[in-house]
Amino acid sequence: MWRSCLRLRGGGRHLLNCPRGGLTASEGPGPKPPARARAYAPPAERKRFYQNVSITQGEGGFEINLDHRKLRTPQAKLFTVPSEALAVAVATEWDSQQDTIKAYTMHLTTLCNTSLDNPTQRGKDQLIQAAAKFLDTDTVCYRVEEPETLVELQRNEWDPVIGWAERRYGVKIGSSTSIMGPSIPARTREVLVSHLASYNTWALQGIEFVVSQLKSMVLTLGLIDLHLTVEQAVLLSRLEETFQIQKWGNVEWAHDYEVWDLRARTAAGALFVHLCSESSAVKHKLLQG
């Protein structure tokens, strides 16, 4: 049974305190933009071919309509998402496109396509392990020995986040200046893997995506648990680079573009996780903190 749901219209010590998808409605692929991390690469740009975006609900979930065409994935599967909120967010991405469709800006659509087509054929256990492996190389756990100003900056900004994660999950994480990184206790890994297992497969796609953007499980957990904002998580993931830019300067537009792109990807991934999770489950996880 179908029903129409919605139609959209046509060098400091504390840097955090400083101011500061695929598309297819069945047309062919185009050139692919460079990606920061693993992504189900969509066509780059093409002319907008639809006027209206709407949502319908069927037995399989919520679907996106571009005029009278049903949106499909790159593998030609019917584009169906599990929640109305996620469908609205994806529909908004499509409705926000102007004369040219810039698929590389449609991160929610891309994440949905990845979940539906599963091009790498990964199940829940594989997604959990892909995210958990970043514990061994977590950005906030690797420390420099010099210069002292950067050592102090890392201590001031990263230690509180690690401390929060250790208290939140009752584990030991720590940090190290060794090139081998810290030795993560087996119990820590077990606890965090168990926590990840409480999410569904769609949400895990989003978590693994955010972890790959931030190169940090700790920062991702802080973001998903609402302990960090997107801006804070991105800044903390780029702490050393930001320090070097403040010291030596930057290319006027290139670094700014990279930061904004990383913020957009990280925000989309975090939103995807929450929209793919049951509200009661998310509330339960937050209340445990």
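We're numbering straight along the sequence, starting at 1.
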Looking at every non-hydrogen atom in both residues, tell me the closest pair between Val218 and Ala165 and how far apart they are.
CG1-CB, 4.2 Å

Going by distance alone, is a donor N or O of one side chain under 3.5 Å from an acceptor N or O of the other, for Gln154 and Tyr142?
no

Taking the side chain as every heavy atom from C-beta outward, state whether Trp158 and Ser175 have any pair of such atoms under 4.5 Å apart.
no

Any side-chain to backbone donor/acceptor pair from Gln97 onto Ala103? Under 3.5 Å, distance only.
no

Do Ile224 and Tyr199 touch side chain to side chain, with heavy atoms closer than 4.5 Å?
yes

Membership question, hydrophobic clusters at under 4.5 Å side-chain separation (ILVMFWY): are Tyr169 and Val193 in the same one?
yes

Does atom CD of Gln121 have more than 12 heavy-atom neighbours from other groups under 6.0 Å away?
yes

Would a 4.5 Å heavy-atom cut-off, applied to side chains only, mark Ile207 and Phe272 as touching?
no

Can you tell me which residue pairs pass the side chain to side chain donor-acceptor pair (under 3.5 Å) test with a partner in residues 126-140, sequence neighbours excluded?
Asp136-Arg189, Asp138-Ser216

Under a 3.5 Å distance rule, please check whether Lys124 uses its side chain to pair with a backbone N or O of Ala197 as donor and acceptor.
yes

Is Glu241 paired with Arg238 through a side-chain N to carboxylate O contact shorter than 4.0 Å?
yes

Thr80 versus Trp202, closest heavy-atom pair with distance:
O-CH2, 3.6 Å

Could you work out, with side chain to side chain donor-acceptor pair (under 3.5 Å) as the rule, every residue matching Gln244, not counting sequence neighbours?
Trp248

Counting only heavy atoms not in Glu148, do more than 12 sit closer than 6.0 Å to its CD atom?
yes

Closest heavy-atom pair and its distance - Leu86, Cys112
CD2-SG, 3.9 Å

Asn65 side chain to Lys70 main-chain N or O, any donor-acceptor pair under 3.5 Å?
no

Please work out whether the ring planes of Phe209 and His107 are parallel, tilted or perpendicular, with thresholds of 30° and 60°.
tilted

Audit row: Thr201, Ser115, side chain to side chain contact (heavy atoms under 4.5 Å, CB included) steps and yes/no:
CA-CA 8 Å; Thr201 303; Ser115 297; over 6 Å; no

Measuring only between side-chain heavy atoms, which start at C-beta, is Phe79 closer than 4.5 Å to Glu63?
no

When you measure from the side chain of Asn156 to the backbone of Glu152, do you find a donor-acceptor pair of N or O atoms at a distance under 3.5 Å?
yes

May I ask whether Val88 and Leu111 are part of the same hydrophobic cluster, defined by side-chain heavy atoms of I, L, V, M, F, W, Y residues being less than 4.5 angstrom apart, directly or through others?
yes

When rounded to the nearest 0.5 angstrom, what is the spacing between OG in Ser96 and CD1 in Ile101?
12.0 Å

Taking all heavy atoms of Asp117 and all of Gln75, pick out the closest pair and write down the distance.
OD2-N, 3.0 Å

Is there a donor-acceptor contact under 3.5 Å from the side chain of Asp225 to the main chain of His227?
no

What's the spacing between Leu271 CG and Thr266 OG1 if we round to 0.5 Å?
12.5 Å

What distance separates Glu84 CD from Gln57 CD, expressed to the nearest 0.5 Å?
7.0 Å

Any non-hydrogen side-chain atom of Pro147 less than 4.5 Å from a side-chain atom of Leu150?
yes

Over all atoms of both residues, closest heavy-atom pair of Leu262 and Val234
CD2-CG1, 3.7 Å

Within a strict 4.5 Å, meaning less than it, do heavy atoms of the Leu221 and Leu192 side chains meet?
yes

Can you check whether Val210's main-chain N or O pairs, donor with acceptor, with Arg265's side chain at less than 3.5 Å?
no

Report yes or no: does Tyr50 contribute a side-chain atom to a donor-acceptor pair with the main-chain N or O of Trp94 at less than 3.5 Å?
yes

Is a donor from one side chain sitting under 3.5 angstrom from an acceptor on the other, for Glu93 and Thr109?
yes

Are the side chain of Arg143 and the backbone N or O of Val140 linked by a donor-acceptor pair below 3.5 Å?
yes

Mind checking the CD-OG spacing from Gln232 to Ser237? Nearest 0.5 Å is all I need.
12.0 Å

Answer whether the closest heavy-atom distance between the side chains of Gln205 and Leu127 falls below 4.5 Å.
yes

Any chance you could measure Leu66, atom CG, to Arg72, atom CZ, to the nearest 0.5 Å?
12.0 Å

Between Leu236 and Val161, is a side chain to side chain contact (heavy atoms under 4.5 Å, CB included) present by the stated rule, with each step listed?
CA-CA 9 Å; Leu236 288 169; Val161 183; 3.8 Å; yes

Should Met106 and Phe49 be regarded as members of a common hydrophobic cluster, given that ILVMFWY residues are connected when their side-chain heavy atoms come within less than 4.5 Å of each other, either directly or indirectly?
yes

Linked, directly or transitively: Val144 and Ile173 (ILVMFWY side chains, under 4.5 Å):
yes

Is there side-chain contact between Leu226 and His274, with heavy atoms separated by less than 4.5 Å?
yes

Main chain of Ile184, side chain of Thr188: is a donor-acceptor contact present, judged purely on distance under 3.5 Å?
no

Kindly indicate, with the supporting measurements, whether the criterion side chain to side chain contact (heavy atoms under 4.5 Å, CB included) is fulfilled by Thr56 and Phe62.
CA-CA 6 Å; Thr56 52; Phe62 294 87; over 6 Å; no

Mind checking the CH2-CG spacing from Trp164 to Asp159? Nearest 0.5 Å is all I need.
15.0 Å

Measure across Cys141 and Ile162 and return the closest heavy-atom pair with its distance rounded to 0.1 Å.
SG-CD1, 4.4 Å

Donor-acceptor contact present, side-chain Asn52 to main-chain Asp67, <3.5 Å
no

Side chain to side chain contact (heavy atoms under 4.5 Å, CB included) evaluation trace for Arg187 with Lys172:
CA-CA 8 Å; Arg187 182 182 176 279; Lys172 178 64 177 177; over 6 Å; no

